[in-house]
Student: 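Dropping the structure in here first, questions after.
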2 protein chains.
Amino acid sequence: MVRIKDIAKEANVSEGTVDRVLHNRGGVSKKTELKIRKILERRNYSINPVASALASKNKYEIAVLIPNYNDTDAFWKAPYLGVLKAAEEIKSFGVNLTIYNFNQFDPKSYLKAFQKLIKTQPSSVVFVPMFLSETSRIVSQLETQNIPYQFLNIDVENHNNLTYVGQDSLMAGTIAGKLMHLSATTNKYLIILSRENRTDNNAISKRVKGFQDYFLKNNLEHAMHTLKVDGFNNKLNLAQSVNDVLKKHSDISGIFVPSSRISALANNVDNIAKFTLIGFDNTPQNVACLKQETVSFLISQKPFEQGYESIKIISDYLTKTKKPKQKIYLPIDILIKENVDYNDMSQNLFEEDVTI
Amino acid sequence: MVRIKDIAKEANVSEGTVDRVLHNRGGVSKKTELKIRKILERRNYSINPVASALASKNKYEIAVLIPNYNDTDAFWKAPYLGVLKAAEEIKSFGVNLTIYNFNQFDPKSYLKAFQKLIKTQPSSVVFVPMFLSETSRIVSQLETQNIPYQFLNIDVENHNNLTYVGQDSLMAGTIAGKLMHLSATTNKYLIILSRENRTDNNAISKRVKGFQDYFLKNNLEHAMHTLKVDGFNNKLNLAQSVNDVLKKHSDISGIFVPSSRISALANNVDNIAKFTLIGFDNTPQNVACLKQETVSFLISQKPFEQGYESIKIISDYLTKTKKPKQKIYLPIDILIKENVDYNDMSQNLFEEDVTI
DNA sequence: TATATTTGCGTGTTCGCACACGAAAATTAA
DNA sequence: TTAATTTTCGTGTGCGAACACGCAAATATA
């Protein structure tokens, strides 16, 4: 591997001069600069990132703002672990990382966590823009302070975010539609929404739109019923309302839940095995339902990788000024009983390594 | 971050002594060793990999032996790119990598490439064990020379390979079976094998077995026809033989091709749209067929990640003596028209970065 | 007790790069 | 021509860890 020293010798200058050219520090005559650049090019020099990281005095601070998780609603654990893995890797490159949590159903806690976060004056912020109007406030604060920021998992348009890392929710919904059409025995479906999931949660409404789009764009005759429940935690209430609808419309054969809570349904509604259930995300509870065959398909969004990639991207941006693409869409995984165990290998390998 | 210097100061010893303990170099009394170990534990010290890599004089050489690829048979390009990406990352950690190619249909070229490879006395070998008996010879040569080795993409039992990185081919076949059962309009299927794919190619025979298993284990009435063709390159011949079978058995509605060459079929057989076609791997040709809807499903095996992960694993093993799991099964991806474009994000991002 | 040998440990150099300091050369001002 | 600036560049130090060298203390041998 060619070093600065080699370049310097070939150009008959000192290492310091090469360094100045490499970092555009100025103070080099155009003539010698050109000479050095030519040699850099010809010898195909690239900075040794290891030595560079060791020597660099630049320290960066990444702040991450994501919902917390618990046992009944475990979705956010995977991105959290992905973030942790990335944090480990970038630590020795002078990038530190702090995670701030909020309650995904409470906009106040979102703002509060952000206010705490912004006091630390981080170099960059990665966050899940869960609530629309609060996100606008956050964004404007970040922009006046000139702090680059990135969206994770939920996409919101018309902001100057560096990137969005997550899934194409519209297409994910379309895929759910296709699978439903393939599996269900009739063309009558039930979509279950929760008031918990605020209407401004973009991801969920896009999934519903994508689901409907599949039938519309392919000119498929169909009927859809939509049920809004208060939440998925009150199981008796949930089961009751769903049973009512299913009894009234006995020709419904498929149920679509565009959130990560389909297990609450699968475990509490009568005769659930008769229906084709399609939901989102490989939480432990959902995976258990797949294996018992009460749920037919889960669409998954590589949650661990979302966390991991978003951090790696922002770290590369800070330390190597490597500008990422505006949207990083991760795979739309179709999970069934047979492949679900193979799906989160990287997360499993990581969990074995660390004691959380 | 706590450094060796900090540990040394706290233990009232020199940095050299701490270093001796960290690397079990010996020459430290049990008493001071114990004292140092306690402090290491309490302060939660871990070696700074960046500084370590820079200072280390250890150089490693990884040799990779994989099939070459061409335009009509592009499968091996993805693992190749994955290997390249990993090579880039580990370069500055003192790990060099060389790729050796062979013709996947010619055992002689396999052995010949290996003989060239082994002359360089690599620290470790990662290879695709394409042919059984030749692999035995290679393995015994590696073992007498005490060179650790790893299987990539194809698994062969009863060897002392460090790991296998790839897919569970049996389960992948089962999933193909399930999707076929779900999609096809009758329960009569055609399986197409090629003599090119030697019977000792484990992956393909396991896929076929898994496919059949799905119907057997679920007690599903079915009939399977198997057609052996000479190869997929002679298109006229291929189309002719397939058409013959389909004409004779007009109740066949699904065709399963357990190799990566289903596009050759989809593009050359009459009335192909009438059938449910299921094949393997997201080669450009196969992906085109998915999009035209001549192929219904592709099972994919994260080929890019196979290459990438296998190298990262062996590199960690060499530089950090981190022992991996015996089998690293990567996800079994179910690809359809709608999600295929999102599936190989990491490969796409890499290809944008480099000029191949 | 004197000498030889082993054990235990401190010191110094190096890896490739980042960055600060200051000196020589070139330019401008007087 | 000399002094004052400005431009251009060389030198030196440090980042954290790896590892070689060699000295002192402890132990063994005579």
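By convention in this document, chain letters (A, B, ...) are assigned in the order of the sequence lines, proteins followed by strands, and residues within each chain are numbered from 1.
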Student: Could you list all N or O pairs between the protein and nucleotides 22-26 of chain D that sit under 3.5 Å apart?
Tutor:
none

Student: Do A:Arg37 and A:Glu41 meet the salt-bridge criterion of a basic N to acidic O distance under 4.0 Å?
Tutor: no

Student: Centres of the A:Phe151 and A:Tyr164 rings: under 6.0 Å?
Tutor: no

Student: Could you write out each protein N or O paired with an N or O of nucleotides 16-18 of chain C at a distance under 3.5 Å?
Tutor:
unit_1	atom_1	unit_2	atom_2	d
C:dG16	OP2	A:Arg3	NH1	3.2
C:dG16	N2	A:Ala51	O	3.4
C:dC17	OP1	A:Tyr45	OH	2.5
C:dC17	OP1	A:Asn48	N	3.4
C:dC17	OP2	A:Ile4	N	2.7
C:dA18	OP1	A:His23	NE2	3.0
C:dA18	OP1	A:Ser52	OG	3.0
C:dA18	OP2	A:Asp19	OD1	3.3
C:dA18	OP2	A:His23	NE2	3.3

Student: For B:Arg3 and B:Asp6, run salt bridge (Lys or Arg N to Asp or Glu O under 4.0 Å): C-alpha distance rounded to whole Å, both residues' side-chain angles, the deciding distance at 0.1 Å, then the answer.
Tutor: CA-CA 5 Å; B:Arg3 301 157 299 173; B:Asp6 304 318; 3.0 Å; yes

Student: D:dG16 C1' sits how many Å from A:Lys91 NZ, rounded?
Tutor: 14 Å

Student: Are the charged groups of A:Glu157 and A:Lys327 less than 4.0 angstrom apart, N to O?
Tutor: yes

Student: Please report, rounded to the nearest Å, how far the C1' atom of D:dA17 is from the CD1 atom of B:Ile36.
Tutor: 15 Å

Student: Expressed as a whole number of angstroms, how long is the span from A:Lys31:NZ to D:dT7:P?
Tutor: 18 Å

Student: Give a yes/no answer on whether the side chain of B:Thr32 brings an N or O atom under 4.0 Å of OP1 or OP2 in C:dG8.
Tutor: no

Student: Tell me, yes or no, whether the heavy-atom count around A:Gln121 atom CD, taken from other residues, nucleotides or ligands under 6.0 Å, exceeds 12.
Tutor: yes

Student: Distance check: side-chain N/O of A:Lys30 vs OP1/OP2 of D:dT8, anything under 4.0 Å?
Tutor: yes

Student: Does A:Glu309 pair with A:Lys302 as a salt bridge, N-O distance under 4.0 Å?
Tutor: no

Student: From CZ of B:Phe93 over to C1' of D:dA18, roughly how many Å is that when rounded to an integer?
Tutor: 15 Å

Student: Does a side-chain N-to-carboxylate-O contact under 4.0 Å join A:Arg42 and A:Glu10?
Tutor: yes

Student: Salt bridge check: are B:Lys91 and B:Glu88 linked by an N-O gap of less than 4.0 Å?
Tutor: yes

